[in-house]
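Following: one structure in structure tokens, then a few remarks.
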Amino acid sequence: MAFELPDLPYAHDALAAKGMSAETMEYHHDLHHNAYVTNGNKAIEGTDWEGKSLEEIILGTYDKTAVAQNGIFNNISQLWNHNQFWEMMGPSGDAMPSELEKAIIENFVSIENFKVEFSAAGAGQFGSGWAWLVMASDGSLKVTKTENGVNPLCFGQKALLGCDVWEHSYYIDFRNKRPAYLTNFLDNLVNWENVASRM
Ligand code: MN3
């Protein structure tokens with residue numbers, strides 16, 4: 001069965017007051033995310049990957065020795081990344097659950113320091129990619145950045161929070177100001193309940 005574009009978990013304009021406009025959602029979810037679904041399905045059609053899960057395809061097609069990844073990986077990994085991304089944000093502005101707050105302070109000294117590290121990772125990713133809060137196999141939390149469609153699964157890590165720093169994610173609302181987009185993401189857009197549920 002072919003992969004499908006999941007609906008946004010909220011209305012297109014649900015995050016508009018918090019800095020992610022309905023127009024961004026129309027481009028980013030309805031067009032960009034959908035293109036990864038269409039191209040991913042096309043890329044696996046007739047291959048041994050047809051019928052496998054997104055995670056199996058990501059782990060099976062990621063080439064750690066390659067500078068540029070292949071078309072199957074790029075599209076399927078971006079499909080998965082965006083499936084997570086929409087869920088990691090929300091309109092409610094919930095407080096950070098205490099077990100997550102405790103873990104972040106244990107690993108980064110303070111919430112503020114975690115935000116500084118996460119923003120620096122996203123701002124410092126040269127070109128397209130993602131900033132992540134991950135849980136490593138030893139249970140520790142780390143901030144990482146990846147290029148293009150690469151994600152924490154490729155390194156045996158759990159993705160707790162990811163921020164898309166491709167220009168399509170912020171250019172409509174923040175133009176060239178990626179650091180301002182990252183600050184707003186952390187301060188206003190993250191659904192911390194969702195992040196905590198991934199631990
Ligand atoms: Mn994107």
Short question: side chain of [X], backbone of [Y] - any donor-acceptor pair under 3.5 Å?
X: E50; Y: G46; answer: yes
X: S77; Y: G149; answer: yes
X: N75; Y: G71; answer: yes
X: S119; Y: K115; answer: yes
X: T24; Y: M20; answer: no
X: S169; Y: V165; answer: no

Is any side-chain heavy atom of [Y] closer than 4.5 Å to one of [X]?
X: L186; Y: F118; result: yes
X: I104; Y: M96; result: yes
X: N184; Y: D173; result: no
X: N34; Y: T38; result: yes
X: R198; Y: M135; result: no
X: K142; Y: F155; result: no
X: H28; Y: F85; result: yes
X: Q78; Y: W166; result: yes

Going by atom types only, do [X] and [Y] share a side-chain donor-acceptor pair under 3.5 Å?
X: S128; Y: N148; value: no
X: Q125; Y: W130; value: no
X: S98; Y: E101; value: no

Return yes when atom [atom1] of [X] has more than 12 non-hydrogen atoms of other residues, nucleotides or ligands closer than 6.0 Å, and no otherwise.
X: E99; atom1: CD; value: yes
X: Y27; atom1: OH; value: no
X: E117; atom1: CD; value: yes

Closest contact, heavy atoms only, [X] versus [Y]:
X: W49; Y: G60; value: CH2-CA, 3.6 Å
X: P97; Y: A196; value: CG-CB, 3.7 Å
X: G162; Y: W132; value: CA-CE3, 3.4 Å
X: G122; Y: R178; value: O-NH1, 2.8 Å
X: L15; Y: P91; value: CD2-N, 3.5 Å
X: P6; Y: H29; value: O-NE2, 2.7 Å

After noting the C-alpha distance and the side-chain angles of M25 and W86, does the key distance pass the side chain to side chain contact (heavy atoms under 4.5 Å, CB included) rule?
-> CA-CA 10 Å; M25 290 303 188; W86 309 127; 3.6 Å; yes
If you look only at pairs with a residue in residues 7-31, which of them pass as a salt bridge (Lys or Arg N to Asp or Glu O under 4.0 Å), with sequence neighbours excluded?
->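 Counting only pairs at least two positions apart or across chains, no salt bridge (Lys or Arg N to Asp or Glu O under 4.0 Å) contact touches residues 7-31.
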Can you measure from [atom1] ([X]) to [atom2] ([Y]) and round to the nearest 0.5 angstrom?
X: L133; Y: Q157; atom1: CG; atom2: CD; result: 10.0 Å
X: H33; Y: H168; atom1: NE2; atom2: NE2; result: 10.0 Å
X: N113; Y: N107; atom1: CG; atom2: CG; result: 11.5 Å
X: S197; Y: E87; atom1: OG; atom2: CD; result: 8.5 Å
X: N70; Y: I76; atom1: CG; atom2: CD1; result: 10.5 Å
X: N191; Y: S92; atom1: CG; atom2: OG; result: 5.5 Å

Connected via hydrophobic side-chain network under 4.5 Å: [X] and [Y]:
X: F3; Y: L31; value: no
X: L5; Y: L79; value: yes
X: L160; Y: I111; value: yes
X: I44; Y: L153; value: yes
X: F174; Y: Y171; value: yes

Run the numbers on L141 and V134 for side chain to side chain contact (heavy atoms under 4.5 Å, CB included), then give the verdict.
-> CA-CA 6 Å; L141 304 191; V134 304; over 6 Å; no
For D63 and F73, run side chain to side chain contact (heavy atoms under 4.5 Å, CB included): C-alpha distance rounded to whole Å, both residues' side-chain angles, the deciding distance at 0.1 Å, then the answer.
-> CA-CA 9 Å; D63 182 353; F73 175 85; over 6 Å; no
Between I72, V150, I57, which is the residue that forms a side-chain contact (heavy atoms from CB on, under 4.5 Å) with Y62?
->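 Running side-chain contact (heavy atoms from CB on, under 4.5 Å) over I72, V150, I57 with Y62 returns exactly one hit, V150.
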Could you please spell out the steps behind the side chain to side chain contact (heavy atoms under 4.5 Å, CB included) verdict for D164 and Y181?
-> CA-CA 10 Å; D164 188 339; Y181 157 77; 4.2 Å; yes
